[in-house]
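The block underneath contains the structure these notes are about, expressed in structure tokens.
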Amino acid sequence: MNWLLETVALLLLVTLVLGLIRIWRGPTIADRMLAAQLFGTTGVGLLLVLAELQQIAALRDVALVLALLAVMAVLAFVARVWRKGPEGETEEDPPA
Amino acid sequence: MTEQRHAVDRSSRVGTYILRLIILLVIWWILSGSHSDWWFGLPLAMAAAAASVWLTPPARFLLRPHQIPQFTGFFLWQSLLAGWDVARRTLSPSLPLQPEILRLPMALPPGAPTWWLMLTISLLPGTLSVRLDPDRVLEVHCLDARLDVTGSVRETEARLARLFGVPLQPTEAGARQ
Amino acid sequence: MPWLDLFLGFTLCVTAGLALIARDMFRAVIMFIVFGLLMAVAWVRLQAPDIALAEAAIGAGLTGVLLLDTLGYLRRPFGSRVDNQDDRS
Amino acid sequence: MILIELLQALLLLAGVGFFLVGTLGILRFPDVYTRVHALTKADNLGLGLIVFGLLLGAESVPVALKLLLVWGLALIASATAGYLVARAARRRGVRPWTARNWENS
């Protein structure tokens, strides 16, 4: 069973490295931000697999924290870096 | 369906508090695992529930519990289809895409049901919510305009209306831009 | 057995290098976020879940937010509230 | 017992497959909007399959529920993030790629 989990973890890492290409190439900064979000999701999966592989239950908490905070970067990006128009222009946001 | 949330009476406030407290206690139980420290978790959950009632007023829409399994099943099956759809398009050499942005008037009441719809259709095959106009027209980006996007959004809408137990406001048929 | 760790170390070096040589600030920030995430995984492999938790929260989360926020301030021209720069870097 | 392990292996590998497809989609798809599609759908399904694969070997009920909690959180997070990025792109006036105009890649 362990070799399987290790293979899965390795493949997830390979996926991460492929995502680096999109971060480097862009072309808009939104594409880079999206790739970072992708890394968050992949990282969560990787941590969950590692929790099973290394038998460390606390890693599931790390995955939880990562899932929460990976969105924060996107939020900061949308709210601060890439906005257009006057301030106070806020529409309905989905509950997070 | 009035727009402003007015005069939430005291009993609904207490009910909301108890409901959220129970949810938070369950989450605490999940998070802390087998050795739950309730002397810490209980006051924390009570404070968090109080803060949440204070910050987010009681919801006007409640999920109907007996509809949850049905909706979950629908959601899981559709997300499986969505992943498969994206995989098929990505892996085929010719990259069969025909994206288009549709404008669909919303039939669900504003607030939680609309948010749920926007989040849900982003995870369903071929659709992505892009923007909600002030006049309640949702812009939907679809991967393939040849599919019946309007129909699947309408179906999700109907299922959400059943989940929340709210009526659908009649709209004219989805206007295509 | 060591393939996972070797590859992880290699990727860490690559992301660190890319973050350093990136001319575009935004690219560097994103690379730094990715580096923090991989660093968290590296701590996990070193059997240190507590440090991994801190790294995931601080490195991948909060520092990224702070750096992006700073970048937002830097990009805005003085005296204007509207950011109209060309975003195709 | 062996059946469960087989199913687990199948789910895990399928999950990784969808992660790979999602990343490939991010690389191949022509514009921001279509890439959001690839990201939200393929990756969430991949994470879901991995979660269900691990769920079969979970040692206790809270652990299983925690796995589901992580998945639910990731679902909400990436749907929200995808919507926010798409909305920001639309507000910034990024034109969607269509099969007809190739110049707007």
Side-chain angles (χ1 to χ4, degrees), chain A residues 1 4-5 7-12 14-19 21-23 25 27-28 30-31 33-38 40-42 44-49 51-52 55 57 60-61 63-64 66-75 77-79 81-85 89 91 93-96, chain D residues 5 8-9 12-13 15-17 19-27 31-33 35-36 38-40 42-44 46-51 53-54 57-60 62-63 66-67 69-89 91-94 105:
Chain A
M1 206 57 212
L4 177 73
L5 287 173
T7 315
V8 166
L10 188 62
L11 284 174
L12 284 177
V14 171
T15 321
L16 278 178
V17 173
L18 287 177
I21 302 175
R22 180 48 73 198
I23 293 189
R25 288 227 310 248
T28 66
D31 295 306
M33 207 60 238
L34 263 188
Q37 171 65 28
L38 161 83
T41 316
T42 317
V44 169
L46 185 55
L47 284 172
L48 289 179
V49 170
E52 189 70 22
Q55 293 295 321
R60 300 198 184 94
D61 299 317
L64 200 66
L66 190 63
L68 263 178
L69 288 180
V71 209
M72 293 299 161
V74 180
L75 284 181
F77 162 74
V78 170
V81 184
W82 220 45
R83 69 170 164 204
K84 186 183 187 180
E89 185 193 347
E91 294 167 17
D93 285 330
Chain D
E5 286 201 354
Q8 208 176 357
L12 285 175
L13 287 176
V16 171
F19 267 114
L20 275 174
V21 163
T23 310
L24 211 62
I26 289 245
L27 292 179
D31 73 342
V32 183
Y33 304 103
R35 283 178 203 140
V36 176
L39 179 82
T40 50
D43 277 17
N44 283 325
L47 188 60
L49 289 174
I50 285 182
V51 159
L54 295 174
E59 59 260 42
S60 67
V63 168
K66 193 185 278 185
L67 284 171
L69 189 67
V70 171
W71 187 43
L73 205 61
L75 275 181
I76 297 175
S78 81
T80 312
Y83 160 67
L84 286 176
V85 169
R87 189 183 67 168
R91 278 207 193 148
R92 275 303 270 251
V94 175
S105 60

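Within every chain, numbering begins at 1; the chains are lettered A, B, ... in the order of the sequence lines, protein sequences first and strands thereafter.
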Less than 4.5 Å to any heavy atom of chain A: does that hold for the side chain of [X], its backbone, both, or neither?
| X | result |
| --- | --- |
| Leu27(D) | both |
| Ile26(D) | both |
| Val36(D) | both |
| Leu47(D) | side chain |
| Leu67(D) | side chain |

Q. Just wondering, do Asp43(D) and Thr15(A) contact through their side chains at under 4.5 Å, heavy atoms?
A. no
Q. Under 4.5 Å between any side-chain heavy atoms of Trp71(D) and Val44(A), yes or no?
A. no
About how many Å separate [atom2] of [Y] and [atom1] of [X], when rounded to the nearest 0.5 Å?
| X | Y | atom1 | atom2 | result |
| --- | --- | --- | --- | --- |
| Glu5(D) | Leu4(A) | CD | CG | 9.5 Å |
| Leu46(A) | Phe19(D) | CG | CZ | 9.0 Å |
| Leu39(D) | Arg22(A) | CG | CZ | 12.0 Å |
| Thr80(D) | Leu75(A) | OG1 | CG | 8.0 Å |
| Leu38(A) | Thr23(D) | CG | OG1 | 4.5 Å |

Q: Compare every heavy atom of Ala77(D) with every heavy atom of Ala67(A), then report the nearest pair and how far apart it is.
A: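 What the structure gives for the nearest pair is O-CB, 4.0 Å.
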**Q.** Over all atoms of both residues, closest heavy-atom pair of Leu34(A) and Val32(D)
**A.**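 Heavy atoms of Leu34(A) and Val32(D) come nearest at CD1-O, 4.0 Å.
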Q: Among Leu20(D), Ile50(D), Asn44(D), single out the residue with the greatest number of heavy-atom pairs under 4.5 Å to chain A.
A: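 Heavy-atom pair counts peak at Leu20(D).
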Q.
Heavy-atom pairs under 4.5 Å with chain A: which of Leu73(D), Val51(D), Leu69(D) has the most?
A. Leu73(D)
Q.
Quick check for you: among Thr7(A), Thr41(A), Leu16(A), Val74(A), which has the greatest number of heavy-atom pairs under 4.5 Å with chain D?
A. Thr41(A)
Q: Specify which of Ile21(A), Thr42(A), Leu11(A) makes the most heavy-atom pairs with chain D at under 4.5 Å.
A: Thr42(A)
Q: Step by step, work out the side chain to side chain contact (heavy atoms under 4.5 Å, CB included) result for Lys66(D) and Asp61(A).
A: CA-CA 9 Å; Lys66(D) 193 185 278 185; Asp61(A) 299 317; 2.9 Å; yes
